[in-house]
Amino acid sequence: MGAVTDDEVIRKRLLIDGDGAGDDRRINVLLKSFTKWCNSPGTPEEGFTQYQRMMGILAQCEFSMGKTLMVYDMNLREMENYEKIYTNIEQNITSAHDKIAECKKEIQRAKRIRKNRQEYDALAKVIQQHPDRHETLKQLEALDKELQQLSRTKENVDAKLELRKKQFHVLLSTIQELQQTLENDEKSDNDENNQESPALNGE
Amino acid sequence: SGPSLLHMSVFSQSFSPCGRFLAAGNNYGEIAVFSLSAALSPDATALSQKPVLRFPAHEGPVYSLLSTDCQLLSSGNGEISCWSWSELIKKNVKSLWTKRPKYKSSLEIPEINSMSMNFRDNSLVFGGGDNNVHILDLEHGVFKSVLQGHTDYVHCVSVRDREAEILSGGEDGAVRMWDSRTGQSVHCIEVHKYESCARPQFGKWISCLTTDSDWMLCGGGPSLSLWHLRSLSPTSVFPLKGVQRQTTFYQDMILAVGEGPAVSHCLLGGEVKAQIPCTPQSLNTLQLNTSSTEHRVLTVGGSSDHIDVFTNLSYRTFSLSF
């Protein structure tokens, strides 16, 4: 147990001040000069000068310690700062990942929309080539009217034809009747003449 | 050793259901399985771009590959084989089954050019050199029906899920739409008869076909064109040189590959937005790994033993090779 603590102590001391210069040496020197001062005979002035020198060294040590404490504080705060920046960057990375995933979805959506638009355009192109429905309907209506008109005209002409046929038929049959009547009359006249003077007729 | 890499062509590709592997079929009848996760990992080496498994699947070329939720289907001359993905990943190359549809004559071994899944009734629609479209019921393993109507090879088939319709395009220049329930041909579009699409200097055959519910892309001899299915009218024609062999809808764009060493990106209005250069001089197949989130790549293969991989659609990232 004691050996371990000794090793620890030695390691720590080497780490802090391995080369023997600096604060460690100052404290040792102070300790030696304090013991010397306590045991020295010397004059009171020498004693006082020695005392002042030692106070000076002590002040230096205190100053050095103060400085180290401040550096330690600074390091702690610096560490905190870095921690903050680290978490901040991590958050940014995750949000960037999320944004990328979102954008990828957007792209898929946009491609789908583009595809639909292109299909629509392609169909529209074909539809444009065919005549407008209004036009076709109008043409159909006009043709219908024409057809009706023509059939009416045909009916009229047909009726006229029938009428004329009938009239001619009546005329022809009347003529025939008249012809017949005339022939009959002529015949009966001839017969009468024959009966009256057959010698005159030269038969 | 083995077939010459110089004359190798990649005809077909399919991603595994987990999205970590790519199967590719070549003109020598071999299938190679590549580990995408290895090839895309940050510590990938040149070895990661080689197949983890390579085996002979058919006597003739592997015309088409298709993955279901656990199986890989491959088509060759007159036959369809089925492999389990989990077994393939464990490097076990024994197929689960191989089926041959009944053709009119037993001497007929027509190539099966294209396959498509009908998820509605778990059936496989395929077409090929016998001018017909066949339907195989995957649940019961029987060939359900034969759709007759094309007068020449069927090059490509596609399933229009929402309307229960099957589309097929063939050498005779016709795109036929079939009702998948009755097997009747409901429409027949002769693309080459439309002036805006026709390219008589190339011919009339249809080599690629794909559908996105109300819209259809088709091309081949005629220019690649976008059709609105309900009105059966072509809305846009894409000014791409050469014959297009595979095309797909992707987000708001259309991707197409065919003659020429580039993947074409087009907009639905008919504009060609970009043409990204590739290794093979001519391309046959294009696949997107949509079932994966970490390995979302586009891969293309053609007249080369290299398969280009695109992690970003704008440039080729690296190539896998047989």
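Just so it is clear: chains get the letters A, B, ... in the order the sequence lines come, proteins before strands, and each one is counted from 1. It should be emphasised that the depicted structure is a prediction, and the values quoted were computed from it without experimental measurement.
Smallest separation of non-hydrogen atoms from A:Lys115 and B:Gln251: CD-O, 3.1 Å.
Without hydrogens or angle criteria, A:Gln118 side chain to B:Leu268 main chain gives a donor-acceptor distance under 3.5 Å.
Within a 6.0 Å radius of CD in B:Glu195, no more than 12 heavy atoms belonging to other residues, nucleotides or ligands are found. Within a 6.0 Å radius of CZ in B:Arg120, more than 12 heavy atoms belonging to other residues, nucleotides or ligands are found. Crowding of A:Gln167 atom CD: a count of heavy atoms from other residues, nucleotides or ligands under 6.0 Å exceeding 12. The number of heavy atoms from other shown groups lying within 6.0 Å of CZ (B:Arg160) is above 12. More than 12 heavy atoms of other shown residues, nucleotides or ligands fall within 6.0 angstrom of atom CZ in B:Phe318. By the neighbour-count criterion of 12 heavy atoms within 6.0 Å, atom CD of A:Glu83 is sparsely surrounded, having that number or fewer from other residues, nucleotides or ligands.
Comparing A:Gln108, A:Arg117, A:Arg112 by heavy-atom pairs within less than 4.5 Å of chain B, the highest count is held by A:Gln108.
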Q | Stepwise side-chain contact (heavy atoms from CB on, under 4.5 Å) check, B:Thr235 with A:Glu119 | A | CA-CA 9 Å; B:Thr235 61; A:Glu119 287 180 359; over 6 Å; no
Q: Take A:Val126 and B:Trp227 through the test side-chain contact (heavy atoms from CB on, under 4.5 Å) and record every step on the way to the result.
A: CA-CA 10 Å; A:Val126 175; B:Trp227 291 68; over 6 Å; no
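With rounding to the nearest 0.5 angstrom, the CZ atom of A:Arg114 is 5.5 Å from the CG atom of B:Leu267.
For A:Lys111, the parts lying near chain B are the backbone and the side chain together; criterion is any non-hydrogen pair under 4.5 Å.
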